[in-house]
2 protein chains.
Amino acid sequence: MEFSRASANERRFLPPAVAVSSVAFALSPPAEARKDSRELVDTAVTLWIPLVRRTRPPFEGIWALPGGPIPWDEALVDTALRTLHAAVHRAPGYLEQLYSFGSIERSAQAQRLVTIAYWALYGERELAQVPSLPERAAANPGHGSTRRWDDPEPPQPPQTSAERLQQRTTQATLASVDSLDADRNVAWFSADRLPELAFDHADIVATALWRLRSKTEYSAVAHRFLGPTFTLAQLRVVHEAILGEPVDPANFRRQALAQGNLIDTGDTTTGTGHRPARLYRFRSDPEAPEVGAGPLAFTSEQRKSA
Amino acid sequence: MEFSRASANERRFLPPAVAVSSVAFALSPPAEARKDSRELVDTAVTLWIPLVRRTRPPFEGIWALPGGPIPWDEALVDTALRTLHAAVHRAPGYLEQLYSFGSIERSAQAQRLVTIAYWALYGERELAQVPSLPERAAANPGHGSTRRWDDPEPPQPPQTSAERLQQRTTQATLASVDSLDADRNVAWFSADRLPELAFDHADIVATALWRLRSKTEYSAVAHRFLGPTFTLAQLRVVHEAILGEPVDPANFRRQALAQGNLIDTGDTTTGTGHRPARLYRFRSDPEAPEVGAGPLAFTSEQRKSA
DNA sequence: AGAATAGTGTCTTTTAGACAGTATAGG
DNA sequence: CCTATACTGTCTAAAAGACACTATTCT
């Protein structure tokens, strides 16, 4: 009794630590990534999530979501971007805040931990890029990118998140094969077959899946799983992967085109062995991937659908 | 240049403070509350929000959302409940996490501040209750409930949020008229005519209004603005207040009953001067108000509607 | 020609909305 | 009686879903 009270009084003077964790989705892992070795029973398209194996207590050796504490001068969304980049070696095509977790039980005997969760999308466009490392990690090849939990970036002037994303993408240096092989503690798992997760990260994944599967969400972001142009059949496959059930091609076509967000590029597929399909691009999305940044990270499409 | 760098280095060693702020909605302020004295142009039903005037820098004298920092051993939702109770003297009928705000610019020269925003509902059921004060504030009448920002509660054993809510409601002592009159710095404002707000609280209110007005939200919580039983006309008025436009009574009736969440109590209104209306109650909501607590604070209704 | 997928037409069912008309209390 | 609101019926338009049918490319 006296004992626990003393330890409680010590905890009392530790301010809560604030961390960011991210659930990233992709239709398939990047080429160089480690994948869950267990067999997949059905060949249906599933969603993949990158996880990081913890190398220190608590939960040492257990898989966890990419993330880390927020440095004193880094915006929340930038912490999510930086820690995702450390695990995936690429910037995501979409990023949005999900929920904040701060129950006092989640790390009972340690410092109070408040986790702000994000969810992200990696599309074919992003995964096709050559994996890159931030310049600081490249100058410190011994540590690689697995040293995530106590490695704040130097101060930077305020920028818009679009600028930050651009900078991160263009300034990043190429990763050597050695650096990539050092990622023993990063692997991709099927969202349906996740291993045991540290902390309450299983709850976070469940919340992210629920959010992704709400119609107003995925109708606006499904195209981000694909490249800059895509056929309606490809887009339909994404919807089927998210929903987990087949979708009628004819009705899907009408509904997708009725949204007014798809622009016919005039190009078509070739060499498919059958009738070629028209290629579309998403409305007002010519090049730069959009990353939700601030408190009002709702897109105009989402607002309209409410 | 040297100067700002030095102050920046000091900030660097201050961990971010974590605070909670809440946007609470009600169809009308409680009887004893101070109200915005400005005239309301139209007599349409509007939503009301309680605000607290800051008594110290930054933003001294400016209205702000109820809230405060999280004590080391208090769950996020409990901080929201406690600070709401300090301002409104009642527990809300509904409470759900909204969004987390943590941009580094929001309190430029001070300690980094991460704010986790909640939104709440006060229904007729809650507002009809006699206002109460927590026991600690009652023992300290000189400070009243306005001393919110540095006044953590003593440690408590973990409880479910339902238990906590129950305890808070039953243990609270009655507030004297003096204590209530001391609430000079708490007032209710129409959501359409808010004063200038401290920090980025205007963004938080905008986000809360957007969330409340999304159909999947208000269809599940509109009934919480009312008492335990209500007529369809009353429920329709709530929808009209949220939407800001009239709703056809006949079509609203069909849609509301088709949801299957309304149970006919068998009772009817009397003394109305016209045909009496049936009284309904919400499905599986006999007594206890439900307060969203943990990471998965989504109701089953919301999950189904996705 | 045949295979395979792209794309169109059309029918049915469901849902949202407008609005006339009936029912029942109190004055 | 009249008034006011509760409640029902019905028509129309829009949307969602099922599914037959045509179109076009490659082998």
Side-chain angles (χ1 to χ4, degrees), chain A residues 43 45 213-216 218-220 222-223 226-227 229-281 301 304-306, chain B residues 43 45 213-216 218-220 222-223 226-227 229-281 301 304-306:
Chain A
T43 57
V45 180
R213 284 177 176 149
S214 73
K215 185 155 193 288
T216 54
Y218 72 75
S219 64
H223 69 99
L226 305 171
T229 66
F230 46 86
T231 68
L232 286 171
Q234 290 176 305
L235 189 61
R236 177 169 50 83
V237 168
V238 174
H239 280 247
E240 290 172 338
I242 296 174
L243 283 174
E245 58 186 18
V247 174
D248 183 273
N251 296 329
F252 176 79
R253 165 182 305 275
R254 254 188 302 272
Q255 184 180 344
L257 293 177
Q259 301 304 315
N261 289 326
L262 298 183
I263 297 174
D264 190 338
T265 63
D267 297 331
T268 56
T269 57
T270 54
T272 55
H274 51 79
R275 175 171 175 177
R278 279 204 264 270
L279 285 168
Y280 295 86
R281 75 169 68 253
E301 284 74 29
K304 274 193 306 185
S305 71
Chain B
T43 57
V45 179
R213 284 176 175 151
S214 73
K215 185 155 193 288
T216 53
Y218 72 76
S219 63
H223 70 99
L226 304 171
T229 65
F230 46 86
T231 68
L232 286 171
Q234 288 176 305
L235 189 60
R236 178 169 49 83
V237 168
V238 175
H239 281 246
E240 290 172 337
I242 296 173
L243 283 174
E245 58 186 19
V247 174
D248 182 274
N251 296 328
F252 176 80
R253 165 182 306 274
R254 255 189 302 272
Q255 184 181 343
L257 293 178
Q259 301 304 314
N261 289 327
L262 299 183
I263 297 173
D264 190 338
T265 63
D267 297 332
T268 57
T269 57
T270 55
T272 55
H274 51 81
R275 175 172 175 177
R278 279 203 264 270
L279 284 168
Y280 295 86
R281 78 169 65 253
E301 285 72 29
K304 274 193 308 184
S305 70

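Numbered from 1 within each chain, the chains take letters A, B, ... in sequence-line order.
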Whole-Å distance between [N] [atom2] and [X] [atom1]?
| X | N | atom1 | atom2 | answer |
| --- | --- | --- | --- | --- |
| A:L262 | C:dA6 | CG | P | 15 Å |
| A:L243 | D:dA16 | CG | P | 14 Å |
| B:Q255 | D:dA15 | CD | C1' | 15 Å |
| A:F252 | C:dA6 | CZ | C1' | 14 Å |
| A:H239 | D:dG17 | NE2 | P | 13 Å |
| A:L235 | C:dG7 | CG | P | 13 Å |
| A:D248 | D:dA20 | CG | P | 11 Å |

Q: Test A:R278 against every option in A:D264, A:T268, A:T265 by the side chain to side chain donor-acceptor pair (under 3.5 Å) rule and name the one that passes.
A: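 The residue from A:D264, A:T268, A:T265 that satisfies side chain to side chain donor-acceptor pair (under 3.5 Å) with A:R278 turns out to be A:D264.
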**Q.** Parallel, tilted or perpendicular: ring planes of A:F230 versus A:H223, cut at 30 and 60 degrees
**A.**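 Rings of A:F230 and A:H223: tilted, as their planes differ by 30° to 60°.
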Q. Any donor and acceptor pair, going by atom type alone, linking the side chain of A:R213 with main-chain N or O of A:L243 inside 3.5 Å?
A.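 No: the side chain of A:R213 does not pair with the backbone of A:L243.
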Q | Test item: A:Q234 side-chain N/O and A:T231 main-chain N/O as donor-acceptor pair under 3.5 Å | A |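 Between the backbone of A:T231 and the side chain of A:Q234 there is a qualifying donor-acceptor contact (under 3.5 Å).
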Q.
Among B:D267, B:L257, B:L235, B:N261, exactly one meets side chain to side chain contact (heavy atoms under 4.5 Å, CB included) together with B:Y280. Which residue is that?
A.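 It is B:L257, the one option of B:D267, B:L257, B:L235, B:N261 that forms the side chain to side chain contact (heavy atoms under 4.5 Å, CB included) with B:Y280.
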Q | Closest heavy-atom pair and its distance - B:N251, B:D248 | A |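 Looking at all heavy atoms of both residues, the closest pair is N-OD1, 2.8 Å.
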Mind listing the N/O atom pairs, protein and nucleotides 4-11 of chain D, below 3.5 Å?
from: D:dT5; atom 1: O4'; to: B:H274; atom 2: ND1; distance (Å): 3.4
from: D:dA6; atom 1: O3'; to: B:P276; atom 2: O; distance (Å): 3.4
from: D:dA6; atom 1: N3; to: B:R275; atom 2: NH1; distance (Å): 3.1
from: D:dC7; atom 1: OP1; to: B:R278; atom 2: N; distance (Å): 3.0
from: D:dC7; atom 1: OP2; to: B:R253; atom 2: NH1; distance (Å): 3.4
from: D:dC7; atom 1: OP2; to: B:R253; atom 2: NH2; distance (Å): 3.0
from: D:dC7; atom 1: O5'; to: B:R253; atom 2: NH1; distance (Å): 3.4
from: D:dC7; atom 1: O5'; to: B:R253; atom 2: NH2; distance (Å): 3.4
from: D:dG9; atom 1: O6; to: B:R254; atom 2: NH2; distance (Å): 3.3
from: D:dT10; atom 1: O4; to: B:R254; atom 2: NH2; distance (Å): 3.2

